[in-house]
Amino acid sequence: QVRLVESGGGLVQPGGSLKLTCTADLTLEYYAIGWFRQAPGKEREGGSCIFGKFSTSGRTVVYGDFVKGRFTISRDLSKNTVDLQMNSLKPEDTAVYYCAVKKVNIATSRAASYDYWGQGTQVTVSS
């Protein structure tokens with residue numbers, strides 16, 4: 001069983017920033033890692049994915065409109081972590097944010113394609 005732990009969530013004012021970190025107990029280089037979010041009463045939506053072997057930085061794909069221009073996904077293979085840097089946060093970004101691992105090292109926004117999930121971290125954007 002793969003263990004994923006998200007951290008870095010919390011309460012932030014509109015316009016502020018947060019960095020979420022996903023720590024995994026596996027070699028991230030061989031898997032696709034995605035960040036998703038789910039707001040109350042809404043479906044889980046895909047944000048961004050990072051994948052790719054033989055590359056320290058990996059390849060990234062952005063799916064969610066909410067990511068474009070404000071959020072950045074990155075990975076640190078030495079620490080087995082994937083970060084989601086979130087800037088210019090808005091109240092509508094309030095949600096539980098999840099990281100997920102996909103065993104096949106190909107990016108996708110489909111949540112059902114991911115094999116392992118973390119427990120999520122709450123992000124609340126409010127003044």
Side-chain angles (χ1 to χ4, degrees):
Q1 182 67 27
V2 172
R3 185 166 178 263
L4 301 173
V5 178
E6 300 96 336
S7 61
L11 174 63
V12 64
Q13 292 187 342
S17 298
L18 281 176
K19 185 174 77 171
L20 306 183
T21 297
C22 175
T23 304
D25 61 354
L26 45 71
T27 304
L28 293 179
E29 182 181 3
Y30 300 113
Y31 302 89
I33 312 298
W35 277 102
F36 295 78
R37 73 180 187 181
Q38 188 166 19
K42 295 187 177 181
E43 293 186 355
R44 191 167 297 188
E45 58 178 331
S48 187
C49 179
I50 190 165
F51 66 103
K53 296 186 290 186
F54 315 123
S55 168
T56 300
S57 59
R59 295 176 60 189
T60 62
V61 179
V62 171
Y63 298 108
D65 288 339
F66 67 90
V67 173
K68 297 174 183 177
R70 298 189 299 132
F71 297 180
T72 303
I73 191 171
S74 62
R75 71 184 185 185
D76 186 332
L77 297 182
S78 67
K79 297 179 181 178
N80 267 353
T81 58
V82 174
D83 291 337
L84 185 68
Q85 177 66 46
M86 306 189 297
N87 300 324
S88 302
L89 284 163
K90 307 173 183 179
E92 51 263 44
D93 293 319
T94 296
V96 179
Y97 285 72
Y98 299 89
C99 67
V101 169
K102 183 169 169 291
K103 290 189 285 187
V104 177
N105 203 340
I106 299 173
T108 178
S109 63
R110 290 183 66 247
S113 296
Y114 286 77
D115 301 287
Y116 306 104
W117 291 81
Q119 81 289 349
T121 185
Q122 176 70 47
V123 171
T124 302
V125 185
S126 175
S127 56

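When reading the values below, keep in mind they use all heavy atoms of this one structure, side chains included, and skip hydrogens, waters and symmetry mates. If you're wondering where the values come from, they're calculated on a predicted model, not measured in any experiment.
- Listed by first and then second residue, the salt bridge (Lys or Arg N to Asp or Glu O under 4.0 Å) pairs that reach into residues 3-21 are Lys19-Asp83, sequence neighbours excluded.
- Remark: Cys22 pairs with Cys99 by the disulfide (SG to SG under 2.5 Å) rule, at least two apart or across chains.
- Applying the ring-ring contact (aromatic ring centres under 6.0 Å, His included) test to every pair with at least one member in residues 100-127, sequence neighbours left out, gives these pairs: Phe36-Tyr114, Phe36-Trp117.
- At a threshold of 4.5 Å between side-chain heavy atoms, the hydrophobic network of Ile, Leu, Val, Met, Phe, Trp and Tyr places Val123 and Trp35 in one connected group.
- Partners of Asp25 according to the side-chain hydrogen bond (donor to acceptor under 3.5 Å, both in side chains) rule, which considers only residues two or more places apart in sequence or in another chain, do not exist here.
- You'll find the side chain of Ser126 reaches within 4.5 Å of the side chain of Leu11, heavy atoms only.
- Of the inter-residue distances, the one linking Lys103 atom NZ with Tyr31 atom OH reads 8.0 Å to the nearest 0.5 angstrom.
- Two different hydrophobic clusters hold Tyr98 and Leu28 under the rule that ILVMFWY side chains link at heavy-atom gaps under 4.5 Å.
- We find the CD-CG distance between Glu29 and Asn105 to be 8.5 Å, quoted to the nearest 0.5 Å.
- Using modelled atom types, one side-chain atom of Asn80 and one backbone atom of Leu26 make a donor-acceptor pair closer than 3.5 Å.
- For Lys90, there are no salt bridge (charged side-chain N to carboxylate O under 4.0 Å, His left out) partners at least two apart in sequence or on another chain.
- Hydrophobic clustering, with ILVMFWY side chains joined whenever heavy atoms are under 4.5 angstrom apart, groups Leu77 together with Tyr30.
- Residue pairs meeting the disulfide bond (SG atoms under 2.5 Å apart) criterion with at least one member in residues 23-52: none, sequence neighbours excluded.
- Under the 4.5 Å side-chain heavy-atom criterion for Ile, Leu, Val, Met, Phe, Trp and Tyr, Ile50 and Val61 are members of distinct hydrophobic clusters.
- Hydrophobic clustering (side-chain heavy atoms under 4.5 Å, transitive across Ile, Leu, Val, Met, Phe, Trp, Tyr) keeps Val5 apart from Val101.
- Rounding to the nearest 0.5 angstrom, the gap separating the OG1 atom in Thr121 from the CG atom in Leu20 is 6.0 Å.
- Annotation: side-chain hydrogen bond (donor to acceptor under 3.5 Å, both in side chains) contacts of Ser113 (sequence neighbours excluded): Arg110.
- Note that the OG1 atom of Thr124 and the CG atom of Leu89 stand 11.0 Å from one another [nearest 0.5 Å].
- The number of heavy atoms from other shown groups lying within 6.0 Å of CD (Glu92) is above 12.
- For the atom pair Gln85 CD and Leu18 CG, the distance stands at 8.5 Å (nearest 0.5 Å).
- Counting all heavy atoms, side chain and backbone alike, Arg70 lies closest to Asp93 at NH1-OD2, 2.7 Å.
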Audit row: Met86, Val12, side-chain contact (heavy atoms from CB on, under 4.5 Å) steps and yes/no: CA-CA 11 Å; Met86 306 189 297; Val12 64; over 6 Å; no
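- Within the structure, ring-ring contact (aromatic ring centres under 6.0 Å, His included) contacts touching residues 67-86 (residues at least two apart or in different chains) are Phe66-Phe71.
- With sequence neighbours left out, the salt bridge (charged side-chain N to carboxylate O under 4.0 Å, His left out) criterion links Glu45 to Arg37.
- Scanning for side-chain hydrogen bond (donor to acceptor under 3.5 Å, both in side chains) contacts around Lys68 gives Asp65, with sequence neighbours left out.
- Contacts of Ser78 classified as side-chain hydrogen bond (donor to acceptor under 3.5 Å, both in side chains), with partners at least two apart in sequence or in another chain: Asp76.
- Arg44 is linked by a salt bridge (charged side-chain N to carboxylate O under 4.0 Å, His left out) to nothing, counting only residues two or more places apart in sequence or in another chain.
- When all heavy atoms of Tyr97 and Leu84 are compared, the pair lying nearest together is CD2-CD2, 4.2 Å.
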